[in-house]
A.B. asks: 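Questions regarding the structure given below will be posed in turn.
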Amino acid sequence: MLLEPTEARADFTLTILHTNDFHYRIGPIDRLDNDCPSDAVAAADCIGGSARLKAAIAAIRERDDHVVLLDAGDQFPSPAYPTDFDPSLSAELMNRMGYDAMVLGNHEFDEGPEVLGEFISGLRFPVVVANADLSSHPQLDGKTYGSVVLELGDEQLGVIGLTLPHNREWRKYTPRITGRDATEALRAEVDSLAGKGINKIVLISHSGFGGDLSLAAKKTGVDVIVGGHSHTFLSGSDPRAEGPYPRIYNGVAIVQAYAFGAYLGELEVIFDDDGKVVEAVGEPIPLDQNVAEDEEIMRLIAETAR
């Protein structure tokens, strides 16, 4: 008896680029996270900045076939680093980078619903936050999603967002923003995506590294967690790191890339045809002098500052 030929099944390789806790550090910083250059620090010793970030992202997109760019929240400045914040410039810089999705961090709520609504309206990609109900504010209602599906050629990737539970800034909103248990919200979105046939799922989490470990322990069906909030530096080669990159916990690959735009996280994930992770490897890319600054971004920042 002749057997019918079967279609060959190939693994799918995805490059996940990610940032977190950028805090509107659009220009370079020094090794102590201060704005740079200064009288004490020469420009040649500066790191980070939007122009280097854009160049690093573009280089990887030219190299790899399937790339997503995710942000784990806190694009807004921290009160610890006061600055003249321009939400429209922040949104446009993210658009020029080509982000695919972001989650709201706790500092996105600092400036009130009007500023946050202006920022989200300026984005040309989705904002995901499954555990916060923003519908009581007309500036925010309908502008976020619990999850989204990204199309990558013949493959689909589910992306879910969770922001920091018990966010103190929510209490300042009138009417009050209401929250939902993060684990319940996550499981509901995973079930929804699975019902659509999505078998590869990434969580963008602004819950802190400890929170991400806790979520990974609960077997929610997530494959990768891209984290933020705790400014955790993970690396497989840098002795200063707080742990390996990625941290594999309960079968989930967890990554975070410090803060302030000093690094671009780069994780390569290989899925089999059933959506199971075969391998997850990578390393944060330091945005130092080895990364040229993108001239278009430098012009945009200079023109806006006039």
Side-chain angles (χ1 to χ4, degrees), residues 14-22 53-54 57 61 66-76 87-109 113-153 155-164 167 177 179-180 182 185-207 220-229 255 265 267 269:
L14 173 67
T15 301
I16 300 174
L17 302 181
H18 60 97
T19 54
N20 59 278
D21 302 281
F22 190 71
L53 180 59
K54 173 65 163 59
I57 293 166
R61 283 202 172 112
H66 302 292
V67 180
V68 295
L69 175 61
L70 308 174
D71 183 76
D74 274 3
Q75 281 284 325
F76 281 31
S88 61
L89 175 59
S90 179
E92 182 57 23
L93 286 169
M94 295 192 79
N95 290 335
R96 301 275 182 106
M97 306 289 175
Y99 278 89
D100 293 288
M102 74 170 289
V103 67
L104 298 178
N106 55 299
H107 286 297
E108 264 74 72
F109 294 91
E114 291 83 5
V115 174
L116 178 54
E118 176 189 350
F119 170 74
I120 296 175
S121 294
L123 299 175
R124 297 195 290 270
F125 57 88
V127 174
V128 286
V129 52
N131 61 327
D133 181 0
L134 310 180
S135 61
S136 59
H137 291 271
Q139 305 94 330
L140 305 175
D141 185 26
K143 292 185 175 180
T144 64
Y145 308 86
S147 62
V148 293
V149 177
L150 302 180
E151 303 288 340
L152 300 164
E155 301 287 342
Q156 293 180 310
L157 178 73
V159 178
I160 304 169
L162 290 179
T163 192
L164 183 70
N167 188 334
I177 291 173
R180 182 181 183 188
L186 177 58
R187 283 182 170 146
E189 295 298 331
V190 169
D191 289 346
S192 175
L193 291 169
K196 300 173 185 176
I198 309 300
N199 62 8
K200 293 175 279 294
I201 298 177
V202 174
L203 168 65
I204 321 175
S205 165
H206 196 82
S207 306
T220 58
V222 167
D223 299 300
V224 177
I225 299 178
V226 173
H229 182 62
V255 292
L267 181 70
V269 185

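In this text the structure is predicted, and so the values were computed from the model without any measurement.
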A.B. asks: Under the side-chain hydrogen bond (donor to acceptor under 3.5 Å, both in side chains) definition, can you give me all pairs with a residue in residues 136-146, not counting sequence neighbours?
C.D. replies: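 Checked against side-chain hydrogen bond (donor to acceptor under 3.5 Å, both in side chains) - neighbours excluded - the pairs reaching residues 136-146 are Glu114-Gln139, Ser121-Lys143.
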A.B. asks: At their closest point, which heavy atom of Gln156 faces which heavy atom of Ile198, and how far apart are they?
C.D. replies: OE1-CD1, 3.2 Å
A.B. asks: If I compare all heavy atoms of Ala130 with all of Glu189, which pair ends up nearest, and what's the gap?
C.D. replies: CB-CG, 3.8 Å
A.B. asks: So, using side chain to side chain donor-acceptor pair (under 3.5 Å) as the criterion, who are the partners of Asn20 when residues are at least two apart?
C.D. replies: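 Once residues adjacent in sequence are excluded, Asn20 has no partner under the side chain to side chain donor-acceptor pair (under 3.5 Å) criterion.
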A.B. asks: Report the residues that fulfil side chain to side chain donor-acceptor pair (under 3.5 Å) with Glu108, sequence neighbours left out, ordered by chain and then residue number.
C.D. replies: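 Counting only residues at least two positions away or on another chain, Glu108 forms no side chain to side chain donor-acceptor pair (under 3.5 Å).
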A.B. asks: Please name the pair of heavy atoms, one in Ile16 and one in Val226, separated by the smallest distance, quoted to 0.1 Å.
C.D. replies: CG2-CG2, 4.0 Å
A.B. asks: Look up atom CZ in Phe76 and atom CG in Asp21, then write down how far apart they are to the nearest 0.5 Å.
C.D. replies: 14.0 Å
A.B. asks: Please list, chain by chain and in numerical order, all residues satisfying salt bridge (Lys or Arg N to Asp or Glu O under 4.0 Å) with Glu118, sequence neighbours excluded.
C.D. replies: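 Applying salt bridge (Lys or Arg N to Asp or Glu O under 4.0 Å) to Glu118 gives none.
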A.B. asks: Just grab all the salt bridge (Lys or Arg N to Asp or Glu O under 4.0 Å) pairs involving residues 195-206, residues at least two apart or on different chains.
C.D. replies: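 Residue pairs passing salt bridge (Lys or Arg N to Asp or Glu O under 4.0 Å), neighbours aside: Glu155-Lys200.
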A.B. asks: Under 4.5 Å between any side-chain heavy atoms of Phe125 and Asp100, yes or no?
C.D. replies: no
A.B. asks: Among residues at least two apart in sequence or on other chains, which ones pass side chain to side chain donor-acceptor pair (under 3.5 Å) with Ser90?
C.D. replies: none
A.B. asks: Taking Asn95 for the side chain and Leu123 for the main chain, is one N or O donor matched with an acceptor at less than 3.5 Å?
C.D. replies: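 No; zero donor-acceptor contacts below 3.5 Å.
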A.B. asks: At their closest point, which heavy atom of Ala188 faces which heavy atom of Arg180, and how far apart are they?
C.D. replies: CB-NH2, 3.6 Å
A.B. asks: State, to 0.1 Å, how close Val255 and His18 come at their nearest heavy-atom pair, and which atoms those are.
C.D. replies: CG2-NE2, 3.5 Å
A.B. asks: For the pair His229 (side chain) and Ser207 (backbone), establish whether a donor and an acceptor sit closer than 3.5 Å, ignoring hydrogens and angles.
C.D. replies: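 Checking the backbone N and O of Ser207 against the side chain of His229, no donor-acceptor pair under 3.5 Å is found.
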A.B. asks: Grab the two heavy atoms, one from Val190 and one from Thr220, that are nearest each other, plus how far apart they are.
C.D. replies: CG1-O, 3.3 Å
A.B. asks: How would you list, by chain and number, every residue that makes a ring-ring contact (aromatic ring centres under 6.0 Å, His included) with Phe22, sequence neighbours excluded?
C.D. replies: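 By the ring-ring contact (aromatic ring centres under 6.0 Å, His included) rule, Phe22 matches no residue at all.
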A.B. asks: Can you tell if the side chain of Leu193 reaches within under 4.5 Å of the side chain of Val149, non-hydrogen atoms only?
C.D. replies: yes
A.B. asks: Taking only distance into account, with no hydrogens and no angle test, what donor-acceptor pairs under 3.5 Å do side-chain atoms of residues 157-164 form with protein atoms, sequence neighbours excluded?
C.D. replies:
unit_1: Thr163; atom_1: OG1; unit_2: Leu104; atom_2: O; d: 2.5

A.B. asks: Would Thr19 and Met102 satisfy side chain to side chain contact (heavy atoms under 4.5 Å, CB included), going step by step from the backbone distance to the final call?
C.D. replies: CA-CA 9 Å; Thr19 54; Met102 74 170 289; over 6 Å; no
A.B. asks: Which salt bridge (Lys or Arg N to Asp or Glu O under 4.0 Å) pairs, counting each pair once, include a residue from residues 122-137, with sequence neighbours left out?
C.D. replies: Glu92-Arg124
A.B. asks: Quick one: does Asp223's side chain get under 4.5 Å of Val269's, heavy atoms only?
C.D. replies: no
A.B. asks: Suppose we screen for side chain to side chain contact (heavy atoms under 4.5 Å, CB included). Which residues come up paired with Asn167, at least two apart in sequence or across chains?
C.D. replies: Asn106, Phe109, Glu169, Trp170
A.B. asks: In chain order, what residues pass the side chain to side chain donor-acceptor pair (under 3.5 Å) check against Asn131, with sequence neighbours excluded?
C.D. replies: none
